[in-house]
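Report on one structure; see the data block that follows.
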Amino acid sequence: MSAESVATATSTTPEHSGAAPRDRHLGLALFVIAAAQLMVILDATITNIALPAIQTDLGVSDANLAWIVNSYALAFGGLLLLGGKAGDLFGRRRIFQVGIAVFTLASLLGGLAPNEGLLIGARILQGVGAALAAPSALALITTTFPAGKPRNRAMGVYAAMGGLGATVGLLLGGLLTDVLDWRWVFFVNIPIGLAVLAGTRSLVEAERHPGRLDVPGAVTGTGGLISLVYGITRGGEHGWTNGLTLGCFAVAAVLLVAFLFLQARTPDAMMPLRLFNDRNRWGSYATMLFIGSGMFAFFYFLTLYMQLILGYSPIKTGFAYLPFSFGMAAAAGISSKLVAHIAPRLIAAPGLLVAAVGMFWFATLEPDSSYAGHLMPAMFVTALGLGMSFVPMTLGAVSGVAHQDTGIASALLNTAQQIGGALGLAVLSTISNSAADDKLPHAASALYRGLATRDLGLVSKAGDALTHGYTMAFVAAGVVFVAGAAVTTFAVNAGRQQHTEGAAPVHMG
């Protein structure tokens with residue numbers, strides 16, 4: 001499931017209010033949101049399954065492989081607030097159309113990419129398109145559904161849809177990679193994108209708002225994060241005292257400080273610092289950073305383990321993730337009911353501890369671990385824990401927010417998940433690669449070489465080294481979830497009533 005179940009655009013007034021019964025509006029809104037998210041969710045999971053095939057075909061290094069995931073997450077998370085603001089200023093339907101067009105074009109370029117550099121560039125462009133298009137759909141939950149049961153129910157349904165979308169992506173990614181080629185995990189977005197563009201005529205344009213884009217904020221914020229992630233990745237590969245590594249950290253520090261300075265002084269800041277005055281809100285954002293960090297790493301390393309170590313085909317890998325999707329959907333449905341009766345930290349914190357148990361369970365993997373006895377139960381436990389944490393944190397981020405800040409506050413939760421995922425994956429992949437290299441340098445390359453030459457001894461050594469690296473990453477992911485539980489426990493102190501009385505709903509045009 002994704003934290004994208006949160007609204008990401010500011011309040012608007014509908015052009016045709018009262019045209020249909022309220023319940024019908026709510027049902028249609030939820031259907032539209034779920035359908036609009038398919039392509040974004042599909043793209044995130046469908047690419048994970050294709051990673052081993054991409055690495056083999058394009059010769060991507062172990063260190064750079066994570067960038068195929070991170071480049072999209074950084075562009076999407078870093079520009080999401082700007083995309084929401086652009087919709088306010090220039091019209092949601094227009095920006096939505098531009099975003100879908102950019103995403104579709106980027107998918108074509110990604111499918112045609114002849115090397116890792118152009119593929120990563122296409123992934124960045126996909127992230128830009130998603131950041132422009134997503135806010136128009138994402139704004140509807142917190143601005144359309146009344147606080148309390150209707151909103152909690154909508155969050156639960158959307159969480160279940162997110163799990164289903166992720167499952168479709170995993171299965172479709174496996175099928176396309178197995179039957180056709182990894183490039184089709186990008187090409188498949190083209191007919192979907194064209195169909196969405198054709199259907200945008202049915203969308204009613206929302207009222208525009210005065211203001212201006214915070215371009216300096218977007219440039220400094222996103223640039224600082226990219227420099228930080230690249231520095232972390234490069235440090236693990238070339239050493240932490242390497243000149244370019246230190247230069248990246250210096251640039252990141254300068255840009256991120258400049259970003260905070262601009263946000264404090266810019267009237268139309270894309271991240272108003274006043275939103276962090278409420279401890280429940282910043283606690284929810286911080287928790288989502290930890291959730292994103294652990295969850296991105298979970299998908300990344302488990303996919304590599306199943307395909308490289310256990311020898312699963314892409315489609316078998318996709319089916320292997322079904323217990324995770326079922327567990328997420330079930331837990332999200334339960335937590336959406338519990339938030340009306342129990343304080344959010346009493347749901348989210350135990351959930352994250354359960355997810356940590358799942359990660360520590362994965363940390364005991366061996367090269368010959370079984371699916372039924374090891375992977376499946378650990379996967380289901382992890383899913384239950386994460387599913388319990390999403391809904392309380394989502395509601396916490398938008399609880400009691402003023403109308404004009406509803407979209408920004410909820411967009412920040414999604415941004416926190418994406419940025420947390422990118423930072424976490426950079427750190428954890430560095431840990432994993434270093435641990436594997438300690439046992440056997442360039443273990444992934446050695447594995448491919450051993451398979452090609454049928455050198456079973458080399459295959460065994462490489463498998464042991466890679467598995468050791470993955471388990472170290474799972475240990476780190478477990479620690480991340482425990483840290484998230486601690487933040488939730490001490491920072492999020494709202495009671496159940498506060499989280500069922502969020503910002504007043506606003507009808508969207």
Side-chain angles (χ1 to χ4, degrees), residues 1-6 30 33-34 37 41 44-45 141 149 151-170 284 287-299 302 320-362 375-398 413-414 416-417 420-421 474 477-478 480-489 492 496 499-500:
M1 193 193 84
S2 169
E4 291 159 8
S5 55
V6 199
L30 190 56
I33 294 170
Q37 288 308 303
I41 296 173
T45 56
I141 286 185
K149 283 188 177 181
R151 185 179 299 171
N152 296 342
R153 189 181 303 117
M155 290 291 184
V157 171
Y158 191 79
M161 288 300 296
L164 179 62
T167 302
V168 171
L170 293 167
S284 297
T287 301
M288 192 56 71
L289 275 170
F290 288 109
I291 292 174
S293 297
M295 192 170 68
F296 274 49
F298 162 75
F299 278 114
L302 189 57
Y321 275 114
L322 284 176
F324 183 85
S325 299
F326 294 149
M328 283 283 286
I334 294 170
S335 63
S336 68
K337 293 180 175 63
L338 290 178
V339 289
H341 307 286
I342 303 175
R345 68 180 180 276
L346 299 181
I347 304 171
L352 285 170
L353 292 178
V354 170
V357 170
M359 289 296 99
F360 293 138
W361 197 342
F362 278 118
L375 270 69
M376 185 172 67
M379 196 181 300
F380 192 73
V381 167
T382 303
L384 287 176
L386 290 175
M388 293 299 291
S389 64
F390 267 99
V391 174
M393 292 302 97
T394 297
L395 293 173
V398 298
L413 193 72
N414 196 4
Q417 185 197 10
F474 287 129
V480 166
F481 285 144
V482 171
V487 170
T488 303
T489 300
V492 181
R496 65 177 181 85
H499 281 264
T500 55

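The analysis underlying the following values was restricted to heavy atoms, covering all of them including side chains, and did not include hydrogens, waters or symmetry mates. By convention here, the first residue in the shown sequence is residue 1.
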For this session: Decide yes or no for F481 and V357: does some side-chain heavy atom of the first lie under 4.5 Å from some side-chain heavy atom of the second?
Result: no
Exercise. Can you tell me if Y321 uses its side chain to pair, donor with acceptor, with the backbone of F299 under 3.5 Å?
Worked result: yes
Problem set entry | Pairing residues for I347 by the side chain to side chain contact (heavy atoms under 4.5 Å, CB included) criterion, not counting sequence neighbours | S335, L338, V339, I342, M388, P392
Problem set entry | For F474, all residues meeting ring-ring contact (aromatic ring centres under 6.0 Å, His included), sequence neighbours excluded | F362
Exercise. Heavy-atom distance under 4.5 Å between the side chains of L352 and V482, does that happen here?
Worked result: no
For this session: For G478 and A356, work out which heavy atoms get closest and say how close.
Result: O-CB, 3.6 Å
Exercise. G327 and L384: which non-hydrogen atoms are nearest, and at how many Å?
Worked result: O-CD2, 3.8 Å
For this session: Output all residues satisfying side chain to side chain contact (heavy atoms under 4.5 Å, CB included) with A330, sequence neighbours left out; order by chain, then residue number.
Result: none
Exercise. With V487, which residues qualify under side chain to side chain contact (heavy atoms under 4.5 Å, CB included), at least two apart?
Worked result: A286, T287, F290, A491
Problem set entry | Side chain to side chain, I291 and V480, heavy atoms closer than 4.5 Å | no
For this session: Provide the closest heavy-atom pair for P323 versus A383 in the form atom of the first, atom of the second, distance.
Result: O-CB, 4.5 Å
For this session: Find the distance between CZ (F380) and CE (M328) and round it off to the nearest 0.5 Å.
Result: 12.0 Å
Exercise. For S389, which residues count as a side chain to side chain donor-acceptor pair (under 3.5 Å) partner, sequence neighbours excluded?
Worked result: none
Exercise. Taking all atoms of both residues into account, what is the closest heavy-atom pair of G358 and T382, and its distance?
Worked result: CA-OG1, 3.3 Å
